[in-house]
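Read the structure below first, then the notes.
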Amino acid sequence: MTYFLQLTINAIALGSIYALTAVGYSMVYGILELVNFAHGSVFMLGAFSYYIFAVLVGLPWYLSFLITFILIGIVGFAYDRLTLLPLRRTNQPKFTGLICTLGVSIVLQNLVFVFMGSNTRQFPTFFEGRYLSLGPFNISFIQILIVCLSVAIMVALSLFVKKAKLGVAMRAVAQNSMASEWMGINVNSVVSLTFIIGSVLAALSGILSCMSFRSLDITIGSTIAIKAFTATVLGGIGNLGGAVLGAFIVAMAESYTAGFISSDMRDLSAFVILMLVLLFRPNGLLGKAVQKKV
Amino acid sequence: MKELLTVKNLSKSFGGIRAVSDIGLKVEEGQIVSIIGPNGAGKTTVFNLLSGFYSADEGEIIFDGKPVAGRRAYDFAHNGMVRTFQNLRLFKSMSVLENVLIGRQHVTRYTPLQMMFNTPKKRRMEQKDRAAAAELVAEMGMKDMLNVRCDGLPYGQQKKLELVRALATQPKLLMLDEPAAGLNPQESQELADFIFSIRDRGITILVIEHDMSLINKISDYIYVMNHGELLCEGTSDVVMNDEQVIEAYIGKGGAKRVSGN
Ligand SMILES: Nc1ncnc2c1ncn2[C@@H]1O[C@H](COP(=O)(O)OP(=O)(O)O)[C@@H](O)[C@H]1O
Ligand SMILES: [Mg+2]
């Protein structure tokens with residue numbers, strides 16, 4: 001039982017990271033009905049950017065964070081403007097956009113590969129492995145930080161989407177982009193904003209994830225992509241609350257698989273969930289059956 | 001009276017079909033002007049050209065003294081032109097108030113600083129936005145539904161909400177695509193009164209419509225289209241008694257029915 005609870009604690013920290021990433025998937029899908037396969041690469045790019053500034057350049061952590069967020073925000077913005085927007089302008093089918101996100105993903109991964117190589121690096125962290133002992137449980141400070149930060153961001157984000165003018169515009173565009181445009185909302189700006197927010201969140205979760213595992217290599221993007229995607233589909237794609245729920249379920253499954261079966265199998269659990277969802281509940285747990293617009 | 005909208009020699013073909021052929025229109029400030037015509041006459045295409053959804057093959061559209069060509073859809077609201085859709089395009093999972101607030105989004109402009117921080121000034125602006133939106137909803141007789149999710153409203157109220165939302169953008173010209181479609185005669189009558197009340201707010205209105213009784217009642221001026229061309233224009237008396245119109249649009253037997261209305 002203690003062991004089970006310890007695994008659950010780990011899963012909550014892991015789930016927070018997945019949730020931060022999954023929310024970005026879900027937001028982009030909500031607005032463009034497009035699965036952004038490059039999202040995992042942005043996650044990886046964020047972690048590398050932090051590594052470069054904090055370790056190679058030697059800047060303090062807060063500056064490294066700041067520069068990374070700005071850089072990745074620009075990457076998210078440019079990614080949409082340079083590759084996806086031209087496709088929307090010329091009314092290309094959605095499928096073309098999907099392939100485009102795959103292409104961007106490959107380009108980003110290989111750019112990092114060319115400049116940084118494929119070796120695994122040790123990632124700087126906070127609190128240097130210190131942890132809180134609560135009876136039989138050990139909770140590392142970094143896990144606590146990750147969970148608190150994620151909860152704060154999720155709350156802020158849901159308030160933003162619910163209340164802020166731009167957040168309301170985002171929801172409006174997600175529901176009906178043509179009517180939004182006619183209400184005077186610049187849809188492309190809203191899409192840009194969505195990519196910027198999603199990318200910065202992915203970068204943040206990339207950094208936090210590497211801080212928690214203390215290592216970094218170029219494959220982390222594809223691993224998180226599968227998990228965050230599974231979480232998003234599981235929760236009901238396009239649904240922010242669903243993405244968070246899905247993230248925690250995926251993290252639990254992964255943590256228990258690693259703890260009770262074998263840690264070699266941990267990544268398998270996400271695939272199994274993905275297949276089960278697609279077979280039995282393709283609209284996700286919180287998703288409604290989507291009526292295709294004609 | 002000032003001409004708010006001027007259309008000259010407007011043409012648009014789709015492949016071999018000349019959907020709109022050499023159309024000219026004028027809408028004066030404060031008027032209710034209608035475009036009617038049988039199915040396939042090209043009315044919606046004219047609307048889509050006016051609202052920049054299609055670009056014209058030929059011709060000129062001047063709104064409020066400025067050419068419309070090349071404008072982006074979101075610019076139309078800034079320039080004072082707004083349209084509704086033949087099929088409702090509401091923000092379904094939002095409340096009536098939220099829908100109307102979105103119509104007001106472009107009216108209230110925040111500085112980048114205000115977008116990020118909740119300054120007292122911003123809070124006052126938000127407060128004012130909400131109050132103005134709620135007031136508009138109340139004036140338009142939907143006060144009881146302010147916080148109701150709009151996909152829960154009856155169809156007639158949803159149509160009305162689309163009009164209120166369009167009004168929230170503070171337009172000079174309101175363009176309505178078949179506003180009476182799907183309404184029963186009672187609702188259609190209410191719609192006519194509603195359109196008058198909008199006109200009385202100083203807003204010019206251009207309507208595309210099928211429902212002849214509605215058009216007869218509300219229009220200051222009518223354009224009749226058939227096969228992409230302008231068949232006839234004038235006040236309802238002139239148009240309804242035009243031989244060509246009776247033949248093309250109403251059919252010979254229908255003339256009595258309309259004039260009896
Ligand atoms: N996007 C389009 N592509 C091809 N043909 C079109 C398109 N839009 C309209 N048309 C054609 O143009 C003609 C006029 O259609 P429309 O403007 O919808 O008429 P109305 O609204 O008066 O019923 C019809 O013959 C229609 O088939
Ligand atoms: Mg039509």
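In what follows, chains are A, B, ... by sequence order, proteins preceding strands, each numbered from 1.
Per-residue heavy-atom pair counts under 4.5 Å with chain A were compared for B:Lys92, B:His78, B:Met94, B:Arg104, and the maximum is reached by B:Met94. Chosen from B:Arg72, B:Gln105, B:His106, B:Arg165, the residue pairing most often with chain A at heavy-atom distances under 4.5 Å is B:Gln105. Per-residue heavy-atom pair counts under 4.5 Å with chain A were compared for B:Gly103, B:Gly52, B:Ala73, B:Ala168, and the maximum is reached by B:Ala73.
Looking at B:Leu101, there are no atoms closer than 4.5 Å to chain A (heavy atoms on both sides), in backbone or side chain. Heavy atoms closer than 4.5 Å to chain A are found nowhere in B:Glu162, neither backbone nor side chain. In this structure, chain A has heavy atoms under 4.5 Å from both the backbone and the side chain of B:Phe91. Neither the backbone nor the side chain of B:Thr84 comes within contact range of chain A, judged by heavy atoms closer than 4.5 Å. Contact of A:Ala169 with chain B is made through backbone and side chain together, with heavy-atom distances under 4.5 Å.
Ion pairing between A:Arg88 and A:Asp80 holds under the 4.0 Å rule for side-chain N and carboxylate O.
In this structure, A:Phe65 and A:Tyr50 have tilted ring planes: the angle between them lies in the 30° to 60° band. Aromatic ring orientation, A:Phe37 versus A:Phe229: tilted (interplanar angle from 30° to 60°).
None of B:Lys172, B:Lys2, B:Arg199 except one satisfies the salt bridge (Lys or Arg N to Asp or Glu O under 4.0 Å) rule with B:Glu29; the exception is B:Lys2.
In the model, B:Arg149 has no side-chain atom that pairs as donor or acceptor with a side-chain atom of B:Ser95 under 3.5 Å.
For the pair B:Arg83 and B:Ser51, the minimum side-chain heavy-atom distance is below 4.5 Å.
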